[in-house]
Amino acid sequence: MSTSILGEGEIARCLEVARETAREAGALAQRGRHEGIAIENKGEVDLVTDCDHRCEALVIERLSKAFPDHHIVGEEGGGGAQSDVGDQPVWYVDPIDGTTNFAHGMPWYAVSLGLEQGGVRLCGAVYVPENGWEFHARRGCGAYLGEHRLFVSKTPDLDRALVATGFGYDRRRTPDNNLDEFRAVLLRCQGMRRIGVASIDLAMVARGWLDAYWEIKLSPWDISAGALLVQEAGGRVSGLDGADLDSRNGYTVASNGKFHDELIAILQRVRAEREAGA
Ligand code: IPD
Ligand code: CA
Ligand code: CA
């Protein structure tokens with residue numbers, strides 16, 4: 001069965017619902033953080049809390065009620081599987097992006113909701129509950145923080161760039177853990193940050209507070225909404241090969257576009273050297 005492409009009016013409504021739902025889930029997470037959370041290990045260093053599950057259940061309930069024909073892929077498994085998506089609209093849901101921060105009581109975490117169809121990012125909302133930041137974007141209509149239109153920075157080169165990255169949860173088990181890349185970029189840029197929340201990293205590139213961000217093993221729920229923010233703020237998002245980012249690819253490079261190829265060249269070189277030495 002073929003599915004029709006969502007029209008502009010429908011996408012606008014999707015974004016309205018996403019923003020409202022992200023605020024509601026964010027408020028739930030915030031309450032949980034103050035009332036006390038139950039923490040479990042999904043892996044060696046990969047945590048999940050009862051709030052992740054409750055926020056995801058809330059988001060899925062709201063989205064499936066508003067859009068019964070849409071597919072939902074949630075990090076905690078409450079939605080359907082990526083393999084069933086086809087050409088249906090699909091929501092990528094990260095109920096709490098930055099769970100490690102959240103579990104440690106740090107106020108840096110976000111609810112990230114991105115809508116795609118046929119691999120095209122249509123709209124997205126990234127809500128940071130603890131300071132009420134509401135980042136949102138709709139394809140072709142710009143990226144915003146609340147009512148404030150966002151534009152990427154004008155930093156011209158890597159030498160003067162503030163760059164962020166992150167490290168996947170398999171980092172103890174593989175040399176392909178971004179540490180070589182981290183060292184190489186750190187020695188070339190003005191400063192490095194590890195915020196611990198991929199969606200906020202991307203939102204900060206869109207806002208121009210960061211000049212670039214990369215990470216090597218992300219999931220669509222980490223990046224779908226944030227990548228659209230960067231695109232709509234005039235930046236560039238790609239994979240390691242420099243081609244336009246497919247949210248399902250994992251490797252994500254985002255920047256203001258001024259030194260993207262230079263950053264990619266470093267990341268490619270480091271990977272090639274590691275593979276040659278392996
Ligand atoms: C993680 C965060 C982190 C990034 C990890 C992600 P989670 O998401 O976005 O910044 O480095 O790769 O998995 O587990 O907190 O939702
Ligand atoms: Ca995440
Ligand atoms: Ca998460």
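Just so you know, these numbers use all the heavy atoms, side chains as well, and skip hydrogens, waters and symmetry mates. When a residue number appears, it is its place in the shown sequence, counting from 1.
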Asker: Are the side chain of Asn249 and the backbone of Tyr251 linked by a donor-acceptor contact shorter than 3.5 Å?
Answerer: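 The answer is no, because no donor-acceptor pair under 3.5 Å joins these two groups.
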Asker: Given Met204 and Arg193, is the side-chain contact (heavy atoms from CB on, under 4.5 Å) satisfied, shown in steps?
Answerer: CA-CA 11 Å; Met204 286 189 172; Arg193 299 292 178 265; over 6 Å; no
Asker: Taking distance alone, no hydrogens or angles, what donor-acceptor pairs closer than 3.5 Å link side-chain atoms of residues 142-149 to residues at least two apart or in another chain?
Answerer:
none

Asker: Is the CD atom of Glu40 crowded by more than 12 outside heavy atoms at less than 6.0 Å?
Answerer: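 Counting neighbours around CD of Glu40, 12 or fewer heavy atoms of other residues, nucleotides or ligands fall under 6.0 Å, so no.
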Asker: Nearest 0.5 Å, please: how far is CG in Asp246 from OG in Ser224?
Answerer: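 The OG atom of Ser224 sits 10.0 Å away from the CG atom of Asp246.
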Asker: Has the side chain of Glu215 got a donor or acceptor atom that lies under 3.5 Å from a matching backbone atom of Thr252?
Answerer: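 The answer is no, because no donor-acceptor pair under 3.5 Å joins these two groups.
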Asker: Can you tell me which residue pairs pass the ring pair (Phe, Tyr, Trp, His ring centres under 6.0 Å) test with a partner in residues 159-189, sequence neighbours excluded?
Answerer: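 Matches after skipping sequence neighbours: Phe167-Phe182.
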Asker: Work out which heavy atom in Leu202 is nearest to a heavy atom in Ala254; give both atom names and the distance.
Answerer: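 Shortest heavy-atom contact: CD2-CB, 3.5 Å.
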Asker: Counting distance only, does the side-chain N/O of Glu10 pair as donor-acceptor with the main-chain N or O of Gly7 below 3.5 Å?
Answerer: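 Confirmed, Glu10 side chain pairs with Gly7 backbone.
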Asker: Are Val253 and Val230 connected into the same hydrophobic cluster when the rule is that any two of I, L, V, M, F, W, Y join if their side-chain heavy atoms are below 4.5 Å apart?
Answerer: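 No.
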Asker: In terms of side-chain geometry, is the basic nitrogen of Arg23 or Glu134 positioned less than 4.0 Å from the acidic oxygen of its partner?
Answerer: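 Salt bridge between Arg23 and Glu134, a charged N being under 4.0 Å from a carboxylate O: yes.
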Asker: According to the ring pair (Phe, Tyr, Trp, His ring centres under 6.0 Å) rule, which pairs have a member within residues 185-235, sequence neighbours left out?
Answerer: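 For residues 185-235, and leaving out neighbouring residues, the ring pair (Phe, Tyr, Trp, His ring centres under 6.0 Å) pairs sorted by first residue read Trp133-Trp209.
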Asker: Say whether, by atom type as modelled, one donor and one acceptor occur between the side chain of Asn41 and the main chain of Glu44 under 3.5 angstrom.
Answerer: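 Checking the backbone N and O of Glu44 against the side chain of Asn41, a donor-acceptor pair under 3.5 Å is found.
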Asker: Could you walk me through whether Arg188 and Glu262 pass the salt bridge (charged side-chain N to carboxylate O under 4.0 Å, His left out) check?
Answerer: CA-CA 10 Å; Arg188 291 284 294 278; Glu262 187 189 352; 3.2 Å; yes
Asker: Applying side-chain contact (heavy atoms from CB on, under 4.5 Å), run through Ile72 and Val90 and close with a yes or a no.
Answerer: CA-CA 5 Å; Ile72 303 172; Val90 52; over 6 Å; no
Asker: Tell me whether Asp46 at atom CG has more than 12 heavy atoms from other residues, nucleotides or ligands lying less than 6.0 Å away.
Answerer: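 Yes, the 6.0 Å shell around CG holds more than 12 heavy atoms from other groups.
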Asker: Here's a test for you: under side-chain contact (heavy atoms from CB on, under 4.5 Å), which of Asn177, Asn178, Thr165 qualifies with Ile216?
Answerer: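 Considering Asn177, Asn178, Thr165, a side-chain contact (heavy atoms from CB on, under 4.5 Å) with Ile216 is found only for Asn178.
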Asker: Pair Val93, Leu63 - check side-chain contact (heavy atoms from CB on, under 4.5 Å), show working.
Answerer: CA-CA 10 Å; Val93 174; Leu63 294 180; 4.1 Å; yes
Asker: Inspect the contact between Glu20 and Arg62 and indicate whether a charged nitrogen and a carboxylate oxygen are less than 4.0 angstrom apart.
Answerer: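 Result for this pair is no, no salt bridge flagged.
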Asker: In the single-linkage hydrophobic clustering (I, L, V, M, F, W, Y; side-chain heavy atoms under 4.5 Å), do Tyr109 and Val59 co-cluster?
Answerer: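 No, no single cluster joins them.
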Asker: side-chain contact (heavy atoms from CB on, under 4.5 Å) for Ser238 and Ile264? Distances and angles first, verdict last.
Answerer: CA-CA 9 Å; Ser238 76; Ile264 281 182; 3.4 Å; yes
Asker: Determine, step by step, whether Trp91 and Phe67 satisfy the ring-ring contact (aromatic ring centres under 6.0 Å, His included) criterion, reporting the C-alpha distance in whole Å, the side-chain angles of both residues, the deciding distance to 0.1 Å, and the verdict.
Answerer: CA-CA 10 Å; Trp91 289 93; Phe67 310 110; 5.7 Å; yes
Asker: So Val111 and Thr21, do their side chains get closer than 4.5 Å, heavy atoms only?
Answerer: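 With C-beta onward as the side chain, the pair stays apart.
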Asker: Any donor and acceptor pair, going by atom type alone, linking the side chain of Ser219 with main-chain N or O of Asp222 inside 3.5 Å?
Answerer: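 No; zero donor-acceptor contacts below 3.5 Å.
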Asker: If I compare all heavy atoms of Ala110 with all of Pro129, which pair ends up nearest, and what's the gap?
Answerer: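 Answer, listing the atom of Ala110 first, then Pro129: CA-CD, 4.3 Å.
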Asker: Using modelled atom types and a 3.5 Å cut-off, is there a donor and acceptor pairing between side-chain atoms of Asp97 and backbone atoms of Val126?
Answerer: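 It does not hold such a pair.
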Asker: Taking atom CZ of Arg183 as the centre, does the number of heavy atoms from other residues, nucleotides or ligands within less than 6.0 Å exceed 12?
Answerer: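 No, not enclosed.
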Asker: Leu263, Val237: one ILVMFWY side-chain cluster at the under-4.5 Å cut-off?
Answerer: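 Hydrophobic grouping puts Leu263 apart from Val237.
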Asker: I want to check something: taking the side chain as every heavy atom from C-beta on, are Arg121 and Ser247 in contact at a cut-off of under 4.5 Å?
Answerer: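 Yes, side chains in contact.
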Asker: Taking the side chain as C-beta and beyond, is there a heavy-atom pair between Leu28 and Glu24 under 4.5 Å?
Answerer: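 Side chain of Leu28 against side chain of Glu24, heavy atoms only: no contact under 4.5 Å found.
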Asker: Side-chain contact test, heavy atoms from C-beta onward, threshold under 4.5 Å: evaluate it for His70 versus Ser64 and give yes or no.
Answerer: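 Not touching, per the 4.5 Å side-chain cut-off.
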Asker: CG/Leu267 to CG/Asp180 distance, rounded to the nearest 0.5 angstrom?
Answerer: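 If I round to the nearest 0.5 Å, the distance is 11.0 Å.
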Asker: When you group the ILVMFWY residues by side-chain heavy-atom contacts below 4.5 Å and let the links chain together, are Val45 and Val197 in the same group?
Answerer: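 No, Val197 does not connect to Val45 through the hydrophobic network.
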Asker: Given 3.5 Å as the limit, does a donor-acceptor pair link the side chain of Arg236 with the main chain of Gly242, or not?
Answerer: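 At least one qualifying donor-acceptor pair exists.
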Asker: What's the verdict on salt bridge (charged side-chain N to carboxylate O under 4.0 Å, His left out) for Glu181 and Arg269, showing C-alpha distance, side-chain angles and the deciding distance?
Answerer: CA-CA 9 Å; Glu181 286 85 344; Arg269 176 180 51 74; over 6 Å; no
Asker: Quick check for you: to the nearest 0.5 Å, what is the distance between His71 atom NE2 and Asp87 atom CG?
Answerer: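 Going from the NE2 atom of His71 to the CG atom of Asp87 covers 12.0 Å.
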Asker: Check whether Glu56 reaches the backbone of Glu76 with its side chain - one donor and one acceptor, N or O, closer than 3.5 Å.
Answerer: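 Side chain of Glu56 to backbone of Glu76: a pair is present.
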Asker: Output the distance between atom CZ (Arg248) and atom CD1 (Ile223), rounded to the nearest 0.5 Å.
Answerer: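 One finds 10.5 Å between CZ of Arg248 and CD1 of Ile223.
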Asker: Nearest heavy-atom pair of Gly124 and Leu15: which atoms, and what distance?
Answerer: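 Reported closest heavy-atom pair: O-CD1, 3.5 Å.
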Asker: Using 4.0 Å as the upper bound for N to carboxylate O, is an ion pair formed by Lys217 and Asp170?
Answerer: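 Yes, charged N to carboxylate O under 4.0 Å.
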Asker: Is the closest side-chain heavy-atom distance between Asn256 and Val205 below 4.5 Å?
Answerer: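 Side chain of Asn256 against side chain of Val205, heavy atoms only: no contact under 4.5 Å found.
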Asker: Taking C-beta and beyond as the side chain, do Leu228 and Glu116 meet within less than 4.5 Å on heavy atoms?
Answerer: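 They are not in side-chain contact.
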Asker: For the side chain of Asp211 and the backbone of Leu162, is there at least one donor-acceptor N/O pair under 3.5 Å apart?
Answerer: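 Yes; judged by distance alone, with no hydrogens or angles, the pair exists.
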Asker: Is the shortest side-chain heavy-atom distance between Lys42 and Glu75 below 4.5 Å?
Answerer: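 Touching, per the 4.5 Å side-chain cut-off.
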Asker: About how many Å separate CZ of Phe259 and CG of Asp157, when rounded to the nearest 0.5 Å?
Answerer: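 So the CG of Asp157 and the CZ of Phe259 are separated by 8.0 Å.
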Asker: What about Val120 and Leu115, same hydrophobic cluster or not, with Ile/Leu/Val/Met/Phe/Trp/Tyr joined at side-chain heavy-atom distances under 4.5 Å?
Answerer: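 Val120 and Leu115: one cluster.
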Asker: At their closest point, which heavy atom of Ala164 faces which heavy atom of Asp201, and how far apart are they?
Answerer: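 Shortest heavy-atom separation between Ala164 and Asp201 comes out as CB-OD1, 3.4 Å.
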Asker: Once rounded to the nearest 0.5 Å, what's the spacing between atom CD1 of Ile11 and atom CG of Leu122?
Answerer: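 Those atoms lie 4.5 Å apart.
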Asker: Do NZ/NE/NH1/NH2 and the carboxylate oxygens of Arg271 and Asp176 come within less than 4.0 Å?
Answerer: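 Looking at Asp176 together with Arg271, the answer is yes, because their closest N to O distance falls below 4.0 Å.
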Asker: Distance-only, no hydrogens or angles: does the Gln117 side chain make a donor-acceptor pair with backbone N or O of Leu6 under 3.5 Å?
Answerer: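 Such a contact is found between Gln117 side chain and Leu6 backbone.
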Asker: Are any of the side-chain heavy atoms of Pro107 and Arg33 separated by less than 4.5 Å?
Answerer: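 SC-SC contact between Pro107 and Arg33 confirmed.
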Asker: Between Lys65 and Glu61, is a salt bridge (charged side-chain N to carboxylate O under 4.0 Å, His left out) present by the stated rule, with each step listed?
Answerer: CA-CA 6 Å; Lys65 194 162 161 209; Glu61 205 265 322; 5.1 Å; no
